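Note on naming: letters A, B, ... go to the chains in the order of the sequence lines (proteins, then strands), and numbering restarts at 1 for each one. Remember, it's a predicted structure, so these values are computed and weren't measured experimentally.
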2 protein chains.
Amino acid sequence: MKTDHNKSIESLKELIDSKNLIPNVSVDCTIFGFHDNILKVLLLKYHDLNLYSLPGGFVFIDEDLRAAAERVLYERTHLKGLFLEQFHTFGRVNRTENNVHKTLINNKGLDVPMDHWILQRFITVGYCSLIDFSLADTFPDAFNESCAWFEVNKLPEMAFDHDRIIAEGLNHLRKNIDTQIAASNLLPEKFTMKDLQCLYETILGEKLRRNNFQRKILSTNSLERMEKLYDGSANKAPYLYRFIKN
Amino acid sequence: MKTDHNKSIESLKELIDSKNLIPNVSVDCTIFGFHDNILKVLLLKYHDLNLYSLPGGFVFIDEDLRAAAERVLYERTHLKGLFLEQFHTFGRVNRTENNVHKTLINNKGLDVPMDHWILQRFITVGYCSLIDFSLADTFPDAFNESCAWFEVNKLPEMAFDHDRIIAEGLNHLRKNIDTQIAASNLLPEKFTMKDLQCLYETILGEKLRRNNFQRKILSTNSLERMEKLYDGSANKAPYLYRFIKN
DNA sequence: GCAAAAGTGTTGCCGATACACCCATGT
DNA sequence: ACATGGGTGTATCGGCAACACTTTTGC
């Protein structure tokens with residue numbers, strides 16, 4: 001454990017001293033997780049603080065902005081090729097006024113110049129993703145002691161303006177949910193129309209009409225109907241569907 | 001003229017040396033201009049180069065990101081309180097690979113360290129605005145020799161990825177055009193329905209049906225009908241309308 | 001009266017909604 | 001048979017497109 005801790009400090013120090021980062025810029029990912037009809041969001045807990053943040057990171061000088069977001073997503077989930085979209089850039093001066101980095105650096109006993117950009121105001125580019133949280137392990141980084149899923153309407157106290165970023169990210173997800181996104185590993189290979197409807201309802205946070213939903217989805221011609229599912233219950237067996245791959 | 005040139009160099013040098021700017025970050029404004037049924041976009045021409053760019057600028061360390069965009073808009077038009085919306089952040093590494101700043105600095109004979117961020121890759125946040133180009137004077141800056149309006153489908157060669165930024169900005173404008181935006185100084189106080197329709201058609205780049213357009217706009221209850229306009233032509237006089245201020 | 005442009009009416013289509021009914025299945 | 005829940009039919013509504021008709025105006 002001690003070595004882990006030293007390693008943490010080492011990598012933190014390295015990060016802060018790095019000349020290979022774009023100063024004053026970060027990316028933050030609202031990684032939404034769906035499973036069993038619950039919508040969660042992945043948050044990190046800072047060491048020794050009762051304060052949470054979005055998975056975020058800085059951008060290397062030779063790295064595409066989107067690639068930085070992909071890297072953040074990968075570092076926390078070890079998953080690649082996921083749905084990931086930029087939705088807004090947050091740049092108000094006071095968004096980082098309670099700069100938690102300062103406390104962290106002090107707590108770690110690191111020697112960082114007071115005029116270092118990590119202690120100043122910085123802007124952040126918000127990205128939005130969606131995965132199945134039961135399929136993803138999560139991996140905290142040197143800044144954080146834990147990496148955990150929180151239901152979107154039961155959020156803990158957030159650092160910076162991350163509560164606002166989550167709200168905007170969720171808004172983006174809701175406006176952009178479609179069968180392509182739903183198709184990416186959120187449901188089993190074969191699933192019932194009810195499964196898909198529950199996914200939509202959970203993301204949108206509202207009930208939909210069963211029959212109208214079915215028609216709307218089928219009219220997109222993105223589903224293929226398979227055999228029926230007999231689960232032993234005393235009712236008509238639903239058809240299974242799968243997404244048509246393009 | 002000589003003094004102006006020296007002043008230019010002075011302010012350029014000041015800008016580059018400034019410790020008060022966020023490095024590697026800029027804002028670029030797609031300032032669309034409407035008048036006489038023509039849609040233009042405001043471009044700057046670089047000194048001694050046959051290359052154009054969007055009005056852009058850097059962000060002061062104590063300045064809101066949006067305020068930086070407002071400042072850029074104000075510096076080029078001397079107008080305030082205009083429609084202005086962020087639409088996308090462009091962050092690919094190679095977007096600044098033909099860094100025109102290098103040429104400019106060489107041409108000016110400025111002494112800038114080769115590792116200065118202005119010569120490196122930087123990301124830019126795109127903002128979109130819309131004004132009446134006949135009402136706005138335009139003001140070039142030290143970097144540029146002229147500031148001029150170009151029709152959106154007759155663009156000259158653009159620096160960086162500014163052609164893409166314009167395309168995205170126009171797309172944003174088209175998706176967000178509404179009576180609120182149209183109300184902001186693009187038309188005279190009183191105008192005919194045809195005037196408004198022409199504005200929409202010019203921005204959207206497509207013809208609309210006269211009668212359906214009228215119904216659609218009136219159904220928003222954002223217009224107030226005034227007296228008729230007699231212009232001496234041999235046809236029924238159209239009503240004048242004005243926007244209802246909230 | 002006539003041409004030109006504005007105002008208004010009507011019809012049909014499409015998508016979304018809401019309600020209803022039928023069908024399959026295990027107890 | 002019957003309760004349960006899935007599948008499908010249909011009426012309605014609102015928005016929009018398309019077309020037609022009427023009105024106003026100066027020549």
Legend entry - A:Gln214 vs D:dG6: side-chain N/O to OP1/OP2 distance below 4.0 Å: no

Inset, instruction - State yes or no: are the ring centers of A:Tyr200 and A:Phe213 separated by less than 6.0 Å? - result: yes

Legend entry - Spacing between A:Ile217 atom CD1 and D:dG6 atom P, to the nearest angstrom: 16 Å

Legend entry - Rounded distance (Å) that lies between atom C1' of C:dT17 and atom CD of A:Glu206: 13 Å

Inset, instruction - Mind listing the residues from residues 186-200 of chain A sitting with a heavy atom below 4.0 Å of DNA chain D? Number order is fine. - result: A:Lys194

Legend entry - A:Phe191 ring center within less than 6.0 Å of A:Phe243 ring center: yes

Inset, instruction - Look at the aromatic rings of B:Trp149 and B:Phe133 and report parallel, tilted or perpendicular, splitting at 30° and 60°. - result: tilted

Inset, instruction - Report the distance from atom OH of B:Tyr241 to atom P of C:dA6, rounded to the nearest whole Å. - result: 11 Å

Inset, instruction - Tell me whether the guanidinium CZ or amine NZ of B:Lys40 lies under 6.0 angstrom from the six-membered ring centre of B:Phe150 and within 45° of its axis. - result: no

Legend entry - Cation-aromatic face contact A:Arg225/A:Tyr239, 6.0 Å, 45 degrees: yes

Legend entry - Atom CZ of B:Arg164: over 12 foreign heavy atoms under 6.0 Å: no

Inset, instruction - Scan nucleotides 17-27 of chain D nucleotide by nucleotide, 5' to 3', and note B when protein non-hydrogen atoms come under 4.0 Å of the base, S if they reach only the sugar-phosphate, - if neither. - result: BBBB--BBBB-

Legend entry - Residues forming a side-chain contact (heavy atoms from CB on, under 4.5 Å) with B:Glu157, sequence neighbours excluded: B:Leu51

Inset, instruction - Take atom OH of A:Tyr239 and atom C1' of C:dC23, then tell me their distance rounded to the nearest Å. - result: 10 Å

Legend entry - Atom CG of A:Asp195 with >12 non-hydrogen neighbours under 6.0 angstrom: yes

